[in-house]
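Notes to accompany the following structure.
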2 protein chains.
Amino acid sequence: MSEIEEKCKNKGVRLTDQRRLIAKVMSDSKTTYGSKDHPDVDELHKRVSSLDKNISIATVYRTVKLFEEAGIIERHDFKEGKSRYEPLTEEHHDHLIDINSGEIIEFVNKDIEELQKKVAQKLGYKLVDHKLELYATKIKKN
Amino acid sequence: MSEIEEKCKNKGVRLTDQRRLIAKVMSDSKTTYGSKDHPDVDELHKRVSSLDKNISIATVYRTVKLFEEAGIIERHDFKEGKSRYEPLTEEHHDHLIDINSGEIIEFVNKDIEELQKKVAQKLGYKLVDHKLELYATKIKKN
DNA sequence: ATACTTGCAAAAGATTTGCCGCATG
DNA sequence: CATGCGGCAAATCTTTTGCAAGTAT
């Protein structure tokens, strides 16, 4: 059983063949399909279709939304016009995007998190969510 | 002449009545319409229409894209499905978005900027650009 | 004059939804 | 068995574009 299917069970998310498949493909996006890519709905549909040709893209949309609302996967809106998804991890992380290769590197920085909370507070707000993306170029060594 | 119209002239961007009007409305979005809002195309079209009923929304889309590519205004893709714009300013700033009202508050925090640079460096990258958005709810005072 | 602009409506691309038969718990 | 789910196509929403006519330099 895939990691995400497990989470569905724990959270009482009803399972179907389609959802199980999407769960599997999402789970595998951590390991099987390169170093944790962040597939969009179209890509997910392609991958799922290779396992079962009868799954509608509407179902992928509905499922991905369902999983997201259940706190099982995470949506990202990078500047591409369409959303990309990744399995939700224990520890929150942000993304550094290599503007030359498009590669995405995940990182964690508690100090920044802390400062964000303080900034919001100072403005009279309670921080609910945030998005931090670093666009950068690789430093060639030597 | 509006601030943005001025910039168009300096950059050799061809001007028309429509563009002048859109330039004016964008320029005014810094002061006239509340504490610097970040209007989307629909809102811009409404404001422009109140001055000239014959301006098509397609023109607003085209103009806003033109201004952006000329480095005169800045586009933001917050989590709302549509882009919002603001005049490009000297000093970089980030945004806090009130997830209830949609209101946007700008802030500057040098410490966070500094940490971002360090994070990138540690990963072997040179920071070129970044995006930081805080999504928050107003703290009710009582 | 000539290349650029505009308005309109149609097209496009991503995502959502109504309907209805079907599967799940 | 009742409720929820999935497939399909149509609908939405934002943004883009082809075309013919008008405009800026």
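Just so it is clear, the structure is predicted and the values come from calculations on it, not from any experiment.
Rounded to an integer number of Å, the gap from A:I22 CD1 to D:dC5 P is 13 Å. Between B:R14 atom CZ and C:dT5 atom P the separation is 5 Å, expressed in whole Å. Look at CG on B:D52: it is 12 Å from P on C:dT6, rounded to the nearest Å. At whole-Å resolution of the value, CG in B:D42 and C1' in D:dT14 are 9 Å apart. Nucleotide C:dA12 holds its P atom 17 Å from the NZ atom of A:K82, rounded to whole Å. In this structure, A:R75 atom CZ and C:dT16 atom P are separated by 8 Å, rounded to whole Å. In this structure, the CD atom of A:Q18 is 8 Å from the P atom of C:dT24, given to the nearest Å. As a whole-Å value, the separation of B:L21 CG from C:dG7 P is 11 Å.
Rounded to the nearest 0.5 Å, atoms NZ (A:K46) and CG (A:D40) are 7.5 Å apart.
Nucleic acid contact class of B:N54 (heavy atoms, under 4.0 Å, all strands): sugar-phosphate only. Within the 4.0 angstrom heavy-atom criterion, only backbone atoms of the sugar-phosphate kind lie near B:R19; the bases stay farther away. Residue contacts for B:I57: at a heavy-atom cut-off of 4.0 Å it reaches no nucleic acid atom on any strand shown.
Distances from the side chain of B:K65 to the nucleotides C:dG7, D:dC8, D:dT16 place D:dT16 closest. Closest to the side chain of A:S83, out of C:dT15, C:dG7, D:dC8, is C:dT15. Of the candidates C:dT15, D:dT16, C:dT6, the closest approach to any side-chain atom of A:Y61 belongs to C:dT15. Across C:dG25, C:dG7, C:dT17, the shortest atom-to-atom separation from the side chain of A:A58 is found for C:dT17.
Looking only at distances, no side-chain donor or acceptor of B:R75 sits under 3.5 Å from a matching main-chain atom of B:S83. A donor-acceptor pair under 3.5 Å is formed between the side chain of B:R19 and the backbone N or O of B:R14. No donor-acceptor distance shorter than 3.5 angstrom exists from the side chain of A:T63 to the backbone of A:V60, with no hydrogens or angles considered.
A sub-4.0 Å separation between OP1 or OP2 of C:dT6 and a side-chain N or O of B:S56 is absent. An OP1 or OP2 oxygen of D:dT23 is reached within less than 4.0 angstrom by no side-chain nitrogen or oxygen of B:T16.
Between B:K138 and B:E103 there is a salt bridge, since at least one side-chain N of the basic residue sits less than 4.0 Å from a carboxylate O of the acidic one. We find that B:D37 and B:R47 are joined by a salt bridge, their nearest charged nitrogen and carboxylate oxygen being less than 4.0 Å apart.
For the helix from C:dA1-D:dT25 to C:dG25-D:dC1, the axis fitted to the five pairs at one end and the axis fitted to the five pairs at the other end meet at an angle of 40° (nearest 10 degrees).
If you find the closest nucleotide of DNA chain D to B:D77 and to A:V60, the one lying nearer the 5' end belongs to A:V60.
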Practice prompt. Could you give me the CA-CA distance, side-chain angles and deciding distance for B:K79 and B:I99, then say whether side chain to side chain contact (heavy atoms under 4.5 Å, CB included) is met?
Written response: CA-CA 9 Å; B:K79 320 188 167 191; B:I99 56 179; over 6 Å; no
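Between B:H95 and B:H93, the ring-plane angle classifies as perpendicular under the 30° and 60° cut-offs.
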